[in-house]
There are 2 protein chains.
Amino acid sequence: MAVMKVKTDIEIAQQTELKPIHVIATKLGLKESDWEPYGRYKAKVSAHTLKKLQDHADGKVILVTSINPTPAGEGKSTVTVGLGQALNRIGKKAIIALREPSLGPSMGMKGGAAGGGYSQVVPMEDINLHFTGDLHAITTANNALAALIDNHIHQGNSLNIDPRRIVWKRVIDMNDRALRHVVVGLGGQANGVPREGGFDITVASEVMAILCLSNDIEDLKKRFSKMVVAYNYNKEPVTVRDLGAEGALTLLMKDAIHPNLVQTIENTPAFVHGGPFANIAHGCNSVIATKLASKLGDYVVTEAGFGADLGAEKFLNIKTRAGNIDPSAVVIVVTVRALKMHGGLSRDNLKKEDLAALKRGMSNVEKHVETIKAFGLPYTVAINHFISDTDAEVDFIKGWCADKGHPAEVAKVWEDGGAGGEALAHKVVSVIEEGQKHFKPLYELEATIEEKINAIVTKVYGGKGVFFSEKAKKQLATFKQHGWGHLPVCMAKTQYSLSDNPALIGRPNDFHIQVRELKASIGAGFIVAITGNVMTMPGLPKRPAAHNMDVDPNGKATGLF
Amino acid sequence: MAVMKVKTDIEIAQQTELKPIHVIATKLGLKESDWEPYGRYKAKVSAHTLKKLQDHADGKVILVTSINPTPAGEGKSTVTVGLGQALNRIGKKAIIALREPSLGPSMGMKGGAAGGGYSQVVPMEDINLHFTGDLHAITTANNALAALIDNHIHQGNSLNIDPRRIVWKRVIDMNDRALRHVVVGLGGQANGVPREGGFDITVASEVMAILCLSNDIEDLKKRFSKMVVAYNYNKEPVTVRDLGAEGALTLLMKDAIHPNLVQTIENTPAFVHGGPFANIAHGCNSVIATKLASKLGDYVVTEAGFGADLGAEKFLNIKTRAGNIDPSAVVIVVTVRALKMHGGLSRDNLKKEDLAALKRGMSNVEKHVETIKAFGLPYTVAINHFISDTDAEVDFIKGWCADKGHPAEVAKVWEDGGAGGEALAHKVVSVIEEGQKHFKPLYELEATIEEKINAIVTKVYGGKGVFFSEKAKKQLATFKQHGWGHLPVCMAKTQYSLSDNPALIGRPNDFHIQVRELKASIGAGFIVAITGNVMTMPGLPKRPAAHNMDVDPNGKATGLF
């Protein structure tokens, strides 16, 4: 293997023969009036199509999640794309539904977010850069609201907004640490009211979370109107409705609401739409895209961010309720490399075979399997194969799964595309057809916020319980007063551990979660519980990936990934 | 007339029967491989098409400019669109080339920037909002560079950049006065280096100016590499090339470089591409769009920002040189209302007939006609008709022009579309066909910066000369040392007066221009001379237009204009 020249993702992507997007759309049964082209290989399918198809049967929704991520990479998007390709190869009408990447991080780290190898969505350079402008629309809507808030104060502040209690931050789709903490409104009386503020990266905006949880444009507007942007001097919430801005925000999002249709390297249709953070938000692509895919296909393969303790938990407790989505099965992606890191190996020692470390690391996947079982869903462990994996290592995982009675299959989708995922596809179809499904979220909405957090910590993380800071306790009381107690909870926690301590790899026991602070995302419709330090604005590294990027005279991207 | 219910611009636009953009493109002789669709009614025509057509004859370029703007409005874009429509009606193959609007200001003031009445480019709600994403690409490229600069300093500052001498500002496409003056990098050591900074509105970015002056993607990259972003502690310029960022910026602009094709209400093809400020930049649509239009049509009708002292001067001294464009004629738009304001009337008194005020106001158009004559170009005065104009007023202007020997015609393009511009179209064609053209820029590039500014002030503004501040004098010396003396000059001056004092309406005499400061736009390729206060970040008014905006459940925009 070592002598083979491995192609880069962008080389593979650019060598793909793409079908014109009208061919993909037509094959899905869409009429020309259902969609609009964005270039020759991208389209937006009207969100209204969903209403037209409401009486169609729903396809089966397969959620792809993973163990807790490690620096070794787990390849969840790659497996999602590969599984979708494989299902089509074995004769199923499958559609993929992915999150759309944020542009900002691509300036920092080399590496796209559209799958990899022979399991990618394409055109990958477009998808990873401006794509169809959804992220830009979100940035604009978010910052229009910010400008309206500061302008309101500057023009007399009839809503009595306390500038120290503005909770709405500006956003930018860029890794820019210098904008994390800023003072705005300087320069004298004509230039606004000075106050502390800051910027998040665009995907952290509540506008993104709302885009991804809305069922249609009216739902979108209703959710925008409920967003809490500040508190007044009486400590009462000030909403977008109070500012009269929900119409303008919806107008700015009128195109972004339509799901983006692209294809994979094997011409499998893929919706790539919406991509909220999986810590302070719920980390799943849009409800509209997932539902549209389920109306147009027999199978939908979709993913959620980070590991099963974050993305899948939120998919199953939050997104399924917002969109009335009934999932059919879960795929849990593991890799030899990542499991060895959960078994205590450092990144530098991953190349050599180490069955003892692998065995220790299996504790992590064990907990996630228990969680998915607790949700009442069939599942399959997908062993995402890396070319450095030894046969003994792969066999060990297979044997471990067989011993425990967990369905499992190896996926070689990175190197072989859909062909490398056929066994996995057959396995997933069989666990669905066996029909052992009794899906139920892990908490009732009627429970208190504390009870909901406790349910997640004990049932999903395997922790003993929750400690609330003094600040969080006060917020719990206030949020109840504001009538927000019935909302689901969105946990902001490190992705690297089942606990709130990123150093506790594998399967930690005997830990409590510390909730430092709460955040009210009333438009999105959840209460964020913040544990540890949550990074909502990344920085650039010493040598940013931007330095490698270029375009040739024909406009072809180079050095992007 | 008074009882007629006048339709709003957006009502007229939405009632238009648009042709699919492939019909428009095909009629222009474009092949499908020459362009990409953005929705059903917008396209990007590849910039490479220009190279393919390089041996085609050039169509005649007609520049539409105006008297100094007043709060009464002059309707330059409306006349540009109407004249293009009219030329087609009289059997000429005419293409329109306009600037693309900025989204930000539409949140503040009601009113679009895509023409008006029956002389609009459509779909106007798209054009005025996100359009094809060019402005967003510029924002992103501009702010990627800003992040790279702050990151460079944070990571060790090997270029020795003086954080007090960073001249690259961040931008946002929003009217947001609170961002004019900010302090960034607060929050401690992990969050960057604290320094003063600020945001401009996106159209003020040098990236926009460069987009509009480049001939192809290689020219774009070369210009990006030359941009000066800061000075080091030795006061030497630090460029984008020093930061190694020109490839990434070009990549971020790889789609934005392609001109946008749309149509007018009468299905006349229109390129709407690029829109730099007309004060700190040159205020014209892109060179690529103008040249492409001239290769595809027999006539190109294009416009430049503000009055002839700013936009037209820069079109003729800067854009023609950057793009090697040879203009054929100039149309100078006047209105009865604006001329009465130049004659001293307040905005509240414009409705009543006032021939004396009108006569005084003619001094303004007189100067602009002299300027166009000095450039050696044929011209026509276009009297843009408003429904409140009296016959006596219109006749007065016609008579005045006849007496002075100035070609002039009334245009009723707002109310009657192309039909209302046919007489103007015939007149413009006839002045071109008479062939009295000996076009020449008003200064030589070899002249000093002082000499160039002096030439503009004396020959275009009718002033006596220039005073330089102490700061400007120092900059003149430094800029010469840096080898920038050969560049053309871009005047940043109030648009309301021929002088640098906005209160001096009509035709002021006996004035000097005060140059307060210079700015080096080395990538764009000009030296900006700043007079007075130049606003590069607008604010929102007490009641922003955003409050009126909405979308109906079908996604149709309302209350936009």
Side-chain angles (χ1 to χ4, degrees), chain A residues 36-40 48 103 107 129-130 133 136-137 140 143-144 146-148 150-151 154-155 172-187 190-193 217-218 221 244-245 247-248 250-252 254-255 539-540 542 544 546-547 549-551 553-555 557 559-560, chain B residues 36-40 48 103 107 129-130 133 136-137 140 143-144 146-148 150-151 154-155 172-187 190-193 217-218 221 244-245 247-248 250-252 254-255 539-540 542 544 546-547 549-551 553-555 557 559-560:
Chain A
E36 289 199 332
Y38 277 66
R40 301 283 172 197
H48 309 303
L103 184 157
M107 295 290 120
L129 294 176
H130 304 293
H136 293 318
T140 306
N143 293 343
L148 288 166
D150 276 307
N151 186 59
H154 177 79
Q155 303 282 1
I172 183 173
D173 191 7
M174 193 54 61
N175 286 19
D176 194 347
R177 71 170 65 72
L179 292 178
R180 285 177 192 152
H181 303 283
V182 301
V183 173
V184 302
L186 298 172
N191 301 310
V193 178
I217 199 162
E218 289 169 284
K221 185 155 79 183
T250 311
L251 178 61
L252 289 168
K254 82 177 172 66
D255 301 315
L540 290 170
K542 181 137 187 132
H547 290 312
M549 296 179 181
D550 208 347
V551 198
N554 297 316
L560 185 55
Chain B
E36 289 200 332
Y38 278 67
R40 301 282 173 200
H48 309 302
L103 184 159
M107 295 290 120
L129 294 177
H130 304 292
H136 294 317
T140 305
N143 293 343
L148 288 166
D150 276 307
N151 186 60
H154 177 78
Q155 303 282 2
I172 184 173
D173 192 7
M174 193 54 62
N175 287 17
D176 194 346
R177 71 170 66 71
L179 292 178
R180 284 176 192 152
H181 303 282
V182 300
V183 173
V184 301
L186 298 173
N191 302 308
V193 178
I217 198 162
E218 289 169 284
K221 185 156 76 182
T250 311
L251 178 62
L252 289 168
K254 80 178 174 64
D255 300 316
L540 290 169
K542 180 136 187 133
H547 290 312
M549 295 179 182
D550 209 346
V551 197
N554 297 316
L560 185 55

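These values consider heavy atoms only, across backbone and side chains, with no hydrogens, waters or symmetry-generated copies. Convention: sequence-line order gives letters A, B, ...; per-chain numbering from 1. Predicted model, so just to flag it, every value in this text is computed and none were measured.
Contacts with chain B were tallied for A:N143, A:L148, A:V183; A:V183 has the most, counting heavy-atom pairs under 4.5 Å. In terms of heavy-atom pairs under 4.5 Å with chain A, the best-connected choice from B:D255, B:V182, B:L186, B:N554 is B:L186. Among the candidates A:V193, A:N175, A:T250, A:D173, the residue making the largest number of heavy-atom pairs closer than 4.5 Å to chain B is A:T250. The choice from A:A146, A:A557, A:G539, A:G39 that makes the most heavy-atom pairs within less than 4.5 Å of chain B is A:G39. Note on A:E36, A:M174, A:M549, A:H136: by heavy-atom pairs under 4.5 Å with chain B, the leading option is A:H136. Contacts with chain B were tallied for A:G185, A:G133, A:P544, A:A245; A:G185 has the most, counting heavy-atom pairs under 4.5 Å.
To the nearest 0.5 Å, atoms CD1 (A:I172) and OG1 (B:T140) are separated by 8.0 Å. The CZ atom of A:R177 lies 3.5 Å from the NE2 atom of B:H154; values are rounded to the nearest 0.5 Å. Distance CG/A:D176 to CG/B:N191: 11.0 Å, rounded to 0.5 Å.
For the residue pair B:G247 and A:D550, the shortest heavy atom distance occurs at CA-OD1, 3.6 Å. The shortest non-hydrogen separation linking A:K542 to B:N151 is O-ND2, 4.5 Å. The minimum heavy-atom distance linking A:A546 with B:A248 is given by the pair O-CB, 3.4 Å. Looking at every heavy atom in both residues, A:A178 comes nearest to B:V184 through O-CB, 3.3 Å. Residues B:H181 and A:G187 come closest through the heavy atom pair CD2-CA, 3.8 Å. Of all the heavy atoms in A:M107 and B:A144, the pair that sits closest is SD-CB, 4.4 Å.
Only the side chain of B:D150 comes within contact range of chain A, with heavy atoms under 4.5 Å apart. For B:L103, the part lying under 4.5 angstrom from a heavy atom of chain A is the side chain only. The contact between B:H547 and chain A is made by backbone and side chain atoms together, counting heavy-atom distances below 4.5 Å. For B:I217, the part lying near chain A is the side chain, with the backbone staying farther off; criterion is any non-hydrogen pair under 4.5 Å. Interface residue B:H48: only side-chain heavy atoms are found under 4.5 Å from chain A.
Side-chain atoms of B:R180 do not come within 3.5 Å of backbone N or O of A:G192 as any donor-acceptor pair. Remark: side-chain polar atoms of A:K254 are not paired, donor with acceptor, to backbone N or O of B:G555 under 3.5 angstrom.
Side-chain atoms of B:L129 and A:L251, non-hydrogen and from C-beta on, do get closer than 4.5 Å to each other.
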